[in-house]
Visitor: 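The structure that follows is given in the form of structure tokens.
Note that the coordinates shown come from a computational prediction; the quantities given were computed from them, not determined experimentally. Numbered from 1 within each chain, the chains take letters A, B, ... in sequence-line order. Only this structure's heavy atoms are used, side chains among them; waters, hydrogens and symmetry mates stay out.
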There are 4 protein chains.
Amino acid sequence: MLKKLSAEKQLEILEIGIAEFAEHGPAKANINVIARNSGVSVGVLYKYYENKDALFLACLRHALTALERVISEVFQSSDKMLARTEKLIRALQRSAKEQPCYHILYHEITAGSCRQYASVFAREIEEISAAAYGALITQAQAEGTLRQDMDPRMFAFFFDNLLMMLQFSYCCDYYRERFEIYCGRDALSDDDKVASELLKFFESAFTTERSQIQHQN
Amino acid sequence: MLKKLSAEKQLEILEIGIAEFAEHGPAKANINVIARNSGVSVGVLYKYYENKDALFLACLRHALTALERVISEVFQSSDKMLARTEKLIRALQRSAKEQPCYHILYHEITAGSCRQYASVFAREIEEISAAAYGALITQAQAEGTLRQDMDPRMFAFFFDNLLMMLQFSYCCDYYRERFEIYCGRDALSDDDKVASELLKFFESAFTTERSQIQHQN
Amino acid sequence: MLKKLSAEKQLEILEIGIAEFAEHGPAKANINVIARNSGVSVGVLYKYYENKDALFLACLRHALTALERVISEVFQSSDKMLARTEKLIRALQRSAKEQPCYHILYHEITAGSCRQYASVFAREIEEISAAAYGALITQAQAEGTLRQDMDPRMFAFFFDNLLMMLQFSYCCDYYRERFEIYCGRDALSDDDKVASELLKFFESAFTTERSQIQHQN
Amino acid sequence: MLKKLSAEKQLEILEIGIAEFAEHGPAKANINVIARNSGVSVGVLYKYYENKDALFLACLRHALTALERVISEVFQSSDKMLARTEKLIRALQRSAKEQPCYHILYHEITAGSCRQYASVFAREIEEISAAAYGALITQAQAEGTLRQDMDPRMFAFFFDNLLMMLQFSYCCDYYRERFEIYCGRDALSDDDKVASELLKFFESAFTTERSQIQHQN
DNA sequence: GATGAATGAGCGTTCATTCAT
DNA sequence: AATGAATGAACGCTCATTCAT
């Protein structure tokens, strides 16, 4: 369906759309505003996207693709679990600050206004990371670098929960505010501190069992 | 706010409102539907609540008060850290299943459509739990039941992150779907398993440091 | 669904609607104009009629009911065929001049823009008159006041064709123009002449057969 | 009007336009669809036709010219009134089945959406046939093959009314449905029956007067 | 000249809010 | 005070028309 609109224009529409949808949510976002801000007419929007919903989904997909790229880059490396985790944390911190709207939009799918897409998108998005994390963790357990006594899938789940909350804490208004309340006004800027603290939190979870066994002896 | 409507009616309005706002999100929720379902006229709604926003906030406050009660009940006890954590997990599991809309509404504040209330509500809601968790953790560190090498506020933050994600995973469509993807179709019903796994994850974080020091030796 | 709007207001909306739909056709008729001209808000229109289509159908039904009344009044009488036909012609002439829009709307159903309702409305409207005319004609044949050698249904069909064209010729712009071209500028005002000529045309069709048989002898 | 487009292309545009206008009515017909289906750009359409209206009128004129040809072919012959009438009926039946859209378009001018062209087109189209029929009838009366006691113009009018309704009954959805209701499901296919019955109806009108005089004696 | 992407006025429809009863 | 009918601004979407290429 996309044909002639210059690639940059297409991208601009998506970027503007992402900003609008992220700012007001899919329900309150205004198609006419997106058109105006993109410097195109509504007609163009409707030439390329069947309706508001379709445009929203296109914005979403664009944002998610970018986020996936961030994650998958980290997964290219052959680092050990902890090193990789640190890279992941750093990448999310950077990305959430550089492209907050992408992460906000990701968060938006979890809200009620997107209820209709919930199951479709959950499968599309989370299945990938669930599999990646699950595999990583199973492998780590096999190598003995991760405690043996936890369900790897649940471990992956808690692991990703912390990462999701981390990214949202850098860009979603409410979570950012909460972040400051919990960790102090500087938390948002002191990425090193946050990264190292989260890493410590993870680290213990990774390695405790053996030590606990020692401890019990 | 006037005071003539019977207490039950007021409550009913709030309950119905919570259901409607939770189902459709604040933007798409329909005031006229709330009135009809509550068995009152829109006129009454506007007598008691200045506008849709005000009604939403009232519903929100009602839901949050109930959630706070759940938490604070757990905090009444003088249990040790781990025991208390388990109680918290169990309470959240139960509450998220019994009153999903309350939790959904809580989640809704974090979405873009509520951007305007973000900072106000974050303070109102999170300051309490942040303080409670922070105090608990500081105390636990003092007592030696919690590792010393972590920032207590950050620790509280990660701790609460996991609990928030837990509650959302039981009632918000997207998170529930994701929960199943990560942990399997039975995760939603096997509360014991989830509770024990999350507890293990926490436990290690609580106690690792000493053992790691041992480990380093 | 109709509940509180005063009966007169309801009627006014229908009348204004009929005028608007008759003037511009269903596709070009403007809901906001109908609302404005009726002295109500669009909201009211949409409270009583689900959408433009539903309003159009309501207008149509209103007009058709009035037209049916005109016809059925003529059919109350126990006149002979010819007398009744004359009454019918006169009634249609009068009605088409007094309430042109009703007839125009009836004509509108036959146009392409109403294609979707064609079969439903044809059954609803024409079945009644087809049956009435058919019965009348069969009876007339039995009584010997009508030629025997014609299919009564086809006879009824041609009979009604002439009456339909007659009514349209008094109110639909094109047909009126055509009427004048065929019959002269005065035709539109000289109802007596038109009635008597049409009657003569019918009369011969009613009674020819016997005489033709005589003729053939 | 420019003259560069190949004659075939011009014709194709008109044919496609006729189909589109006939199917959806002038108001809902879509210029862009006509362009696409014709294999030309909208730009070309607007080069040759000032606007949608002009294109519609061109389609109309094309359709009407074809219909006139059908009629005028019948009028070439030097048949007697009845024979000629039969030929006319047959020609209309055939044409209405072979090129339904042409007849549908003709019918469309009579609808409200074409109100603006009513008088112009009525003159253009009906004056010719009115004159032809009028002359024919006057001549027939002079020859004594037609009853003397009727206004020839009115006679021509009723005569044409029946023919118009006949052609519409073969192609316009509503009229076709009505045709079946009046004359049975087979009427549409049994052209012979319809032609003969209509001819009988006419025949009597042509010749009644004398026989009635005889009858009165 | 031909193209068809782009335009944007215009309309159908919704629903938060008001106010006459 | 309570009602709920009525309001009308606002927004999604269409498509006749234009114009840069």
Visitor: With the side chain of D:V42 defined as its heavy atoms from C-beta on, choose the nearest nucleotide among E:dT3, F:dT18, F:dC13.
Guide: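 Given the options E:dT3, F:dT18, F:dC13, the side chain of D:V42 is closest to F:dT18.
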Visitor: Rounded to whole angstroms, how far apart are OH on C:Y48 and P on E:dT13?
Guide: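 One finds 18 Å between P of E:dT13 and OH of C:Y48, rounded.
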Visitor: Select from C:N32 and B:K52 the residue whose nearest nucleotide in DNA chain E is closer to the 5' end of that strand.
Guide: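 Looking at the nearest nucleotide for each, C:N32 comes out on the 5' side.
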Visitor: Please tell me whether B:E15 and B:Y102 have a donor and an acceptor in their side chains that are separated by less than 3.5 angstrom.
Guide: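 Judged by distance alone, the side chains do pair up.
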Visitor: Rounded to whole Å, how long is the line connecting atom OH of A:Y46 with atom P of E:dA9?
Guide: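 My rounded result for the distance is 16 Å.
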Visitor: Taking the six-membered ring for Trp, is the centroid-to-centroid distance between D:Y106 and D:F168 below 6.0 Å?
Guide: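 Yes, they do, as the ring centres are separated by less than 6.0 Å.
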Visitor: Could you let me know what E:dC19 is paired to, Watson-Crick or G-U wobble, both distances under 3.5 Å, or none if it's on its own?
Guide: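 Because both required distances fall under 3.5 Å, E:dC19 counts as paired with F:dG4.
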Visitor: Judged by each residue's nearest nucleotide on DNA chain F, which is more toward the 5′ side, A:I31 or D:A29?
Guide: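 Residue closer to the 5' terminus by nearest nucleotide: A:I31.
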Visitor: Which one of C:H24, C:E23, C:K28 satisfies the side-chain contact (heavy atoms from CB on, under 4.5 Å) criterion with D:R115?
Guide: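 With D:R115 as partner, side-chain contact (heavy atoms from CB on, under 4.5 Å) holds for just one option, C:E23.
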Visitor: From CG of B:N51 over to P of E:dA16, roughly how many Å is that when rounded to an integer?
Guide: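 Whole-Å distance recorded here is 11 Å.
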Visitor: What is the distance from OH of C:Y49 to C1' of E:dT13, rounded to the nearest Å?
Guide: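 To the nearest whole Å, that distance equals 17 Å.
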Visitor: What is the distance, to the nearest angstrom, from the CD1 atom on B:I34 to the C1' atom on E:dT17?
Guide: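 Whole-Å distance recorded here is 14 Å.
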Visitor: Ignoring backbone atoms, test whether D:S41 places a side-chain nitrogen or oxygen under 4.0 Å from the OP1 or OP2 oxygen of E:dG4.
Guide: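 Answer no for this pair, as no side-chain N or O of D:S41 is under 4.0 Å from OP1 or OP2.
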Visitor: Relative to the 5' end of DNA chain E, which residue comes earlier, B:K28 or A:G43, by the nucleotide with the nearest heavy atom?
Guide: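 The answer here is A:G43.
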Visitor: So, OP1 or OP2 of F:dC11: does either fall under 4.0 Å of a side-chain N or O from A:N30?
Guide: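 A:N30 to F:dC11 OP1/OP2: side-chain N or O found under 4.0 Å.
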Visitor: Can you tell me the distance, in whole Å, between the NE2 atom of D:H24 and the C1' atom of F:dT14?
Guide: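 Those two atoms, NE2 and C1', are 14 Å apart.
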Visitor: Hey, what's the ring geometry for C:Y175 with C:H107, parallel, tilted or perpendicular (30° and 60° as the breaks)?
Guide: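 Aromatic pair C:Y175/C:H107 classed perpendicular.
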Visitor: In whole angstrom, give the distance that lies between atom CG of D:L45 and atom C1' of E:dG4.
Guide: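 Value for this atom pair: 12 Å.
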Visitor: When both hydrogen-bonding distances must be under 3.5 Å and the geometry is Watson-Crick or G-U wobble, what is F:dC13 paired with, if anything?
Guide: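 By the stated definition (distances under 3.5 Å), E:dG10 pairs with F:dC13.
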Visitor: Can you tell if the side chain of D:I34 reaches within under 4.5 Å of the side chain of D:N30, non-hydrogen atoms only?
Guide: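 No - every pair of side-chain heavy atoms lies 4.5 Å or more apart.
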Visitor: Using whole Å, what does the distance between atom P of nucleotide E:dT13 and atom CG of C:D53 come to?
Guide: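 To the nearest whole Å, that distance equals 8 Å.
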